[in-house]
Amino acid sequence: MAGVGRMTFEDDALAWCDRWFDDDASLLWNPEGSYDELAPPRSLHLVPQSGWYAAGLLRRDGTGDRARAAAVFERLCSLQYDEPGTVWHGTFARFAESPHPRPGAIEWVDYDPNWRQFLGTTFSLVLADHAGAASLPGATAERMRAAIALAVAGEPAGRVPPSYSNIALMRAWLEVEHGDAERRAAAEAYAREVVALFDRHGAFEEYNSPTYYGIDLYALGLWARRSSSAALTEHGLRIEAAVWGDVARWWHAGLRNLCGPWSRSYGMDMQSYAALLGLWIGPEAYPDLDEPFDHSHDTTFAPMVAYVGRSVPASVERTLAAFEGGERVVEQRVTDERVATGWLSPEGMAGGEAGGAFPARGQYHPATAHWPGGWLRVRHEGPVDAVASPGRLTIDARGDGPFT
């Protein structure tokens, strides 16, 4: 990558996205290392990721960027479902090639309900910063406003529990900013539930996630710096600082990874797969963009970090930059049942979770260890309790099924 500055990192990420843009479709292709389980590269067109890219184009404002961004936003609006009475009302096609949902459609397979929040917040930020300017045509801005209204109206009241932190935080902000008076009041009350759950133990249930901490920080940035609600602003500032403080406890600057255990993770080494938290920390916590890496589509999120801005305490910045202070043990109660523990030393680190299981199958890693050049994790279909202590990771795996 061509440098290590914050703006340079954003520019490098946007230039990486340029490689995957399809002018004919006005959308990004699925890049190498992305959705490989579904289709080979350049066979699917990405939806929210194209919106993040277009938002970045307006910030970059190079030759042709405005026209390309407008074309992307127009295409995305055409992919939104306007079908009252269906569970997919107000969301967008999962991919441009996805068949239209039919009765009995399966969530996450035939449609993704969270596209409402991802694209709704993206459109809102773009309109706030670019509507009324020459960078965004008036007709396109109107279509985007209508799309936000439809996304808010289409969100079922009980779909997103307050414990589903990354989506819950975005949903609360979007509905406070764009709902009618009744919806706004309900969203303020919903936000208080999200805050109360965090404050119970000082943690989100999607705990210590290298990916979803990146969305939490984005949404908390919306609360802290982009909200018309004094309550959301106050809570956003406080919880944002608390999450950064927690990241500092578990971050190993020498190994350039977040110590496990992880409620949700798509890989084991942040140098070989794209984790959204890495976009907040910087290129030292991200794969080399000139080499192949997994989960690569998350690179498209880089402009959204710039839209809400980083607000990192100075003490945390020091911890992110260098491993200091020697060996340490960390512990965090996540819920009444779940407790995470970690051991970090200059030579390696280990993490364990005891007391429960997070429902994200395949993404939940309750027992992990890292050392220079290597790592391990436990795979088991039954309950796993793990505890990290100095130089030791104790694992209790119960029930039938293979243990790996």
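Judged by distance alone, with hydrogens and angles left aside, the side-chain atoms of Arg200 form no donor-acceptor pair with the main-chain N or O of Asp336 at under 3.5 Å. In this structure, the side chain of Arg264 does not engage the main chain of Glu206 through any donor-acceptor pair within 3.5 Å. Asn257 contributes a side-chain N or O that, together with a main-chain N or O of Met270, makes up a donor-acceptor pair within less than 3.5 Å.
Checked by atom type, the side-chain pair Gln332/His201 shows no donor-acceptor distance below 3.5 Å. A donor-acceptor contact closer than 3.5 angstrom links the side chains of Tyr207 and Trp250. With hydrogens and angles left out, the side-chain atoms of Tyr53 and Arg68 include a donor and acceptor closer than 3.5 Å. Defined by atom type and a distance below 3.5 Å, a donor-acceptor pair is missing between the side-chain atoms of His370 and Asp269. For the residue pair Tyr286 and Asp12, no side-chain donor N or O sits within less than 3.5 Å of a side-chain acceptor on the partner. Remark: the Ser228 side chain and the Glu177 side chain contain an N/O donor-acceptor pair separated by less than 3.5 Å. Side-chain atoms of Ser229 and Glu188 form a donor-acceptor pair, as typed in the model, at a separation below 3.5 Å.
Between Tyr81 and Tyr111, the gap from one ring centroid to the other reaches at least 6.0 Å. The distance between the ring centers of Phe123 and Phe73 falls below 6.0 angstrom. Taking the centre of each ring, Tyr212 and Phe204 stay at or above the 6.0 Å mark. Ring pair Phe293/Trp16: centre-to-centre distance below 6.0 Å.
Under the salt bridge (charged side-chain N to carboxylate O under 4.0 Å, His left out) criterion, Arg256 pairs with no residue at all, not counting sequence neighbours.
The aromatic rings of Phe323 and His252 sit parallel to each other, their planes meeting at less than 30°, with 60° as the upper class boundary. Ring geometry for Tyr266 against His295 counts as parallel: the plane angle stays under 30°, on a 0 to 90° scale with 60° as the upper cut.
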Verify side-chain hydrogen bond (donor to acceptor under 3.5 Å, both in side chains) between Arg338 and Ser263, making sure each step is shown before the conclusion. CA-CA 11 Å; Arg338 297 167 55 201; Ser263 295; 2.7 Å; yes

Assess whether side-chain hydrogen bond (donor to acceptor under 3.5 Å, both in side chains) is satisfied between Thr368 and Trp375, documenting all intermediate values. CA-CA 7 Å; Thr368 67; Trp375 51 261; over 6 Å; no

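Residue Thr91 comes nearest to Trp115 through the heavy atom pair OG1-CB, 3.4 Å, listed as atom of the first residue, atom of the second, then distance.
Crowding of Asp400 atom CG: a count of heavy atoms from other residues, nucleotides or ligands under 6.0 Å not exceeding 12.
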